[in-house]
Structures are given as C-alpha cells and as structure tokens.
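Take a look at the structure below.
Chain identifiers are assigned alphabetically (A, B, ...) following the order of the sequence lines, protein sequences preceding nucleic acid strands; residue numbering begins at 1 within each chain. Computed from a predicted structure; not experimentally measured.
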2 protein chains.
Amino acid sequence: MAKPNHIPDRVSNPLSCFTCQSRNRSEWCMLSDDDVALLDGAKVTKTYRPGQIIFAQGDLCKGIYCIESGVIALRKTDAGGNSVLVRLAHSGQALGYRAYFAREEYAASAEALKPSTVCFIEASVLSGLLKHNPTLGLKFLEHLAQDLANAEETVLRNVSLPVRIRLAHLLLTLKDRYGSVNDEGNIVISLPMKRQDVAALLGARPETLARTIHALETDKVASFSARQVMIPDLDNLLDEIDPAGI
Amino acid sequence: MAKPNHIPDRVSNPLSCFTCQSRNRSEWCMLSDDDVALLDGAKVTKTYRPGQIIFAQGDLCKGIYCIESGVIALRKTDAGGNSVLVRLAHSGQALGYRAYFAREEYAASAEALKPSTVCFIEASVLSGLLKHNPTLGLKFLEHLAQDLANAEETVLRNVSLPVRIRLAHLLLTLKDRYGSVNDEGNIVISLPMKRQDVAALLGARPETLARTIHALETDKVASFSARQVMIPDLDNLLDEIDPAGI
DNA sequence: CGGGGGTTTGAGTCCGTTCAAAATACGTGG
DNA sequence: CCACGTATTTTGAACGGACTCAAACCCCCG
C-alpha cells in the first residue's frame with residue numbers, strides 16, 4: 001500500500017506562518033498578528049518532489065498557494081500540445097493568484113522543479129483577509145502589474161530578438177538568483193531545470209537551444225556542463241545583449 | 001498662435017461621470033454617489049485626435065486614464081526600435097493602471113487611433129478611492145489578472161503558431177467589436193487601425209502581413225480592401241484555427 | 001549492465017525577414 | 001475638386017534563423 005508517487009505528502013506538523021521566513025518577503029508581510037493566526041490555522045501544507053504537479057491547467061481554482069521553499073515552474077500548453085514555461089516561482093511567492101483574481105480556471109500548470117513545500121489557502125479565507133486588509137489587495141495588484149510587465153516584455157523580446165540574445169537575457173536574470181562566484185572568479189550558475197525547460201522558457205525547441213549553447217561556447221561567452229553554466233567574463237555576456245555597448 | 005497639433009484639447013465642459021455610459025462598463029461601476037461626485041470633480045477630460053499620444057513609454061505615472069470614447073493603442077518599443085502593439089483599449093476601459101499599481105514608469109505608449117475622449121484621474125484621488133472602496137481594488141485585480149492571461153496567451157501563440165493562424169485568431173476577436181453583417185450576409189470587419197498596426201499586433205512585419213493577407217484571399221477565407229475585411233464564410237476562418245475541426 | 005529519457009548533431013525545409021522597388025492610398029494646398 | 005507630394009502597402013528576390021525529422025550519443029538510475 002505504498003503511496004502513489006504523484007500524490008504529494010501532507011505535512012502534519014508544518015512550519016507556523018509566524019516563523020515562516022518566506023512570509024516576510026511576500027504579500028503577507030503586512031498582516032496583523034490576528035490575521036497571521038487565521039492564515040496559520042487555515043493553511044494546508046504539502047511537500048512536492050520534482051516533477052509533481054501542484055495544480056494543472058484547466059483545474060478549478062479553489063484558493064491560492066504560497067511557496068515556503070523550493071522552485072516551481074508555471075507551464076502553459078495549448079490545444080496542439082505546444083507549451084512554454086511562463087515563469088519560475090520561488091519561496092515567498094504566491095501561486096495561482098492569477099486564476100483566483102480573474103475568477104478563471106488555471107491557465108497554466110504548476111510543477112515542482114526542486115523538492116518544494118507549499119501551503120494552500122482556501123478562497124474563503126483569502127477573501128476574508130482581502131476584505132479585512134485593503135493593503136493586501138494592493139500588494140497583489142503590485143505583483144500582478146509586475147507580472148504583466150514581464151509578460152509583455154517577453155512578448156516583445158520573443159518577436160524582436162533571436163534565441164541567442166534571449167538566452168543571454170535569461171542567463172543574466174538567472175544569475176541573480178542561482179549565480180555564485182567560484183575560486184577562479186568566474187560566475188557559475190546552477191540551473192534549477194533541465195535543458196527542455198530552458199528552451200521552453202525561451203520559446204524555442206531543445207535542438208535550437210543546444211545549437212545556441214554550442215555557439216556561445218565557441219565564442220567563449222559561457223560554457224555549459226549538465227546544469228552548471230560558467231561565465232568567464234560578464235562583459236562578453238552583456239555585449240551579446242547590447243552589441244553597440246551604448 | 002494656433003495650437004500645436006500634438007497638444008490634446010482640454011474639454012472645458014466634459015460629460016459628468018454620473019451620466020457617462022462608459023462608467024457602467026468599467027471598474028468604476030460600483031462606486032457610491034459620493035465617490036462618483038469626487039471622481040467627477042477631480043477628473044480632467046481631454047480629446048485626442050488620431051496619432052496623438054496620451055502618455056509615452058518611460059513617462060512618470062501620475063494617475064490613471066479612463067477612456068470615455070474612442071480607440072487607444074498601447075505600443076511597446078525596445079531599445080533597438082522594435083515595437084509591438086500590446087493591445088487596443090476602448091471606451092469604459094482604464095489606461096495606465098499597470099504602471100500605477102506597479103509603481104513604475106509607463107512600459108508602453110498610449111496613442112489614439114480614433115478621435116478619443118479620455119479622462120485623467122490623479123494618483124492621490126485614486127488612492128483615496130481605493131482605500132475607501134475595497135471592491136474597486138478587486139475590480140482592478142480582476143482586470144490585471146485577465147490582462148496577464150491575455151499576455152501569456154499571446155506569448156504562447158507567438159512561439160507556437162504561424163502568422164497566418166495568428167491573423168485568423170485576431171480577425172475572430174476583432175469581429176466581436178468591429179464586425180457587422182452586410183446585405184449579402186457576409187461578415188464585415190472595419191479595422192480601427194492601419195496595416196502596420198495589425199502587423200505590430202501579430203508581432204510580424206508589414207510585408208509578412210501583406211503576403212499572409214494575399215494568401216487568405218487566394219484561399220477565399222477573407223478579402224481585404226483598405227480597412228474593410230469581408231469574411232464570406234466564418235467556418236473557413238474557424239478551420240484556419242482548428243484545421244482538424246475537433 | 002542494460003534500459004530510457006534527455007541532449008546533441010546532422011541534413012533539409014520552411015517561414016518570416018531584409019532590402020529594394022513599384023504601386024497604391026492619403027492628406028494637403030491650390 | 002483636382003494635383004501633387006508623402007506615407008503606406010504591396011510585390012519581388014534572396015537570405016537566414018529556427019524548425020522538423022531522424023539518428024547518435026550520454027548520462028543517470030535502477
């Protein structure tokens with residue numbers, strides 16, 4: 001009677017919202033102690049292993065999720081089976097709020113890329129908090145507005161820039177979260193996903209990505225091995241994005 | 001001392017928010033009479049002729065706009081001069097709320113495509129209304145969430161569908177707002193924009209659009225003349241989008 | 001040590017782009 | 001209302017980036 005692998009583990013003794021470090025970096029940071037207590041009592045915490053699905057595109061939205069730790073990919077697929085990776089979500093970020101506020105079904109699937117702990121907050125609890133706390137709504141407004149800016153930026157980049165430059169842009173943003181500097185002073189990025197997903201994030205095929213990676217290595221801009229990216233000189237990468245160096 | 005053409009006309013005797021038909025179709029529909037009075041007293045109404053700019057990408061956001069009548073294009077341009085048309089906005093819709101809620105500069109320019117009347121509401125007035133009316137914030141949350149869904153849908157379509165099918169999709173949505181049926185029972189769409197803008201909406205070059213239009217005409221799906229599109233049989237258009245007819 | 005998913009490579013094709021020129025529509029002033 | 005100049009749209013030819021399909025290669029894991 002082993003548990004099927006696709007069922008996440010319910011955490012029986014989860015972290016309290018009061019001590020949750022992620023909360024301070026999230027939209028919940030301004031809640032009163034009473035409201036945090038409410039949140040804490042209502043949340044359901046689960047853990048997901050890489051590949052497990054938190055919610056699937058088309059599912060009814062019954063609340064929103066909050067990532068305590070881990071990395072989640074939001075993947076969107078069309079009728080023809082084509083798919084893109086909309087974005088990555090990290091600890092402290094909410095999940096599923098778009099569908100919640102639009103009163104729609106999920107327009108994307110959420111899949112754990114790393115072992116992740118995620119709390120679920122039911123719609124009724126959330127709507128209570130929102131009525132109670134006007135600034136909570138404003139936080140979500142800010143978040144959605146920035147998501148929208150990112151999405152529109154992506155539209156523009158996808159139609160106007162070749163894959164090579166889009167990849168350079170992506171490495172630059174991944175560097176901030178997943179980058180470090182090694183002994184030789186090179187920037188090293190530990191990618192949280194496989195090649196397929198990097199391609200899906202760029203709106204390109206895996207084959208195209210492989211070729212583009214090869215080209216960047218030939219030009220000494222970056223070297224890739226498994227999920228490690230080494231960038232010997234950041235200026236070279238920046239030159240990709242802005243050849244003129246303006 | 002004629003007024004320069006790029007300066008919009010300030011309307012000295014504008015329509016009251018109480019009688020504004022557009023308000024009922026907008027996020028403002030649920031305001032109390034007191035709040036409508038506040039809005040009415042604070043708004044500044046201007047008219048714009050085709051080509052005039054309501055706000056420009058990079059400008060500081062000092063409030064939001066509300067379209068009383070007309071058609072506005074939101075255009076986004078990158079450093080290299082590439083640009084896409086993000087969306088069209090119509091009477092009853094707000095403008096510039098993304099920048100307002102994200103506390104950012106405008107990420108796109110708003111340009112009148114048709115003669116348009118637009119009201120401006122200052123940030124201080126708006127923030128007062130938002131504090132006062134939690135449901136106003138929820139309305140904007142819903143709007144932003146739907147905008148985000150559209151933007152992500154656009155990302156997916158742009159990377160996975162050819163221009164021809166994207167154009168078919170576009171015609172289908174334009175039909176709802178700009179379409180009518182003529183004497184012979186054909187659907188006729190009066191495009192509110194020039195070819196360049198249709199291309200920018202598809203994320204394609206004008207030349208590509210011209211060729212694609214030619215192809216659709218050859219296949220008897222639609223015929224284009226100036227800004228009129230005639231669709232003799234809607235099924236043909238639907239077949240473009242879903243060739244299998246599933 | 002043998003699968004099997006993921007990645008890479010190769011060859012060929014297609015779609016969309018670029019650049020240039022011709023045709024057409026448009027607005028403006030006479 | 002027509003003529004003119006300008007902007008837009010269309011057409012053509014050639015190029016190129018990304019895709020498809022297919023096979024080989026590689027890990028990684030059982």
- Message: Can you measure A:E217 atom CD to C:dT8 atom C1' for me and round it to whole angstrom units?
- Response: 11 Å
- Message: Judged by each residue's nearest nucleotide on DNA chain D, which is more toward the 5′ side, A:A226 or B:I213?
- Response: B:I213
- Message: For a side chain to side chain contact (heavy atoms under 4.5 Å, CB included) check, start with the C-alpha distance between B:T212 and B:R166, then their side-chain angles and the critical distance, and finish with the verdict.
- Response: CA-CA 10 Å; B:T212 307; B:R166 305 214 297 272; over 6 Å; no
- Message: Among C:dT9, C:dT18, D:dA18, which nucleotide has an atom closest to any side-chain atom of A:V163?
- Response: D:dA18
- Between A:L161 and A:E207, the residue closer to the 5' end of DNA chain D by nearest nucleotide is A:L161
- Task: State whether a side-chain donor-acceptor pair under 3.5 Å links A:S26 with A:Q93.
- Result: no
- To the nearest angstrom, how far is B:R205 atom CZ from D:dT8 atom C1'? 15 Å
- Winner on side-chain proximity to A:P162, out of D:dT11, C:dG6, D:dG17, is D:dG17
- Message: Rounded to whole Å, how long is the line connecting atom CG of B:L216 with atom P of C:dC15?
- Response: 14 Å
- What integer distance in Å separates A:R227:CZ from C:dT7:C1'? 12 Å
- Query: Can you name the side-chain hydrogen bond (donor to acceptor under 3.5 Å, both in side chains) partners of A:R205, sequence neighbours left out?
  - Reply: none
- Query: Base, sugar-phosphate, or nothing for B:A204, non-hydrogen atoms under 4.0 angstrom?
  - Reply: sugar-phosphate
- Separation of atom CG in A:N158 from atom C1' in D:dG17, rounded to whole Å: 14 Å
- Query: Using a cut-off of 4.0 Å on non-hydrogen atoms, how would the nucleic acid contact of A:Q196 be classed: base, sugar-phosphate, or nothing?
  - Reply: sugar-phosphate
- Message: Just the rounded figure in Å: distance from C1' of C:dT7 to CG of A:L191.
- Response: 14 Å
- Message: Between B:R75 and B:D197 (salt bridge meaning N to carboxylate O under 4.0 Å), is one present in this structure?
- Response: yes
- Item | Short side-chain N/O contact from B:H214 to OP1 or OP2 of D:dT10, under 4.0 Å | no
- Of the candidates D:dT11, C:dG16, D:dC19, the side chain of A:T208 sits closest to D:dC19
- Message: Taking the minimum atom-to-atom distance to the side chain of A:R211, which one of C:dG6, D:dT11, D:dC19 wins?
- Response: D:dC19
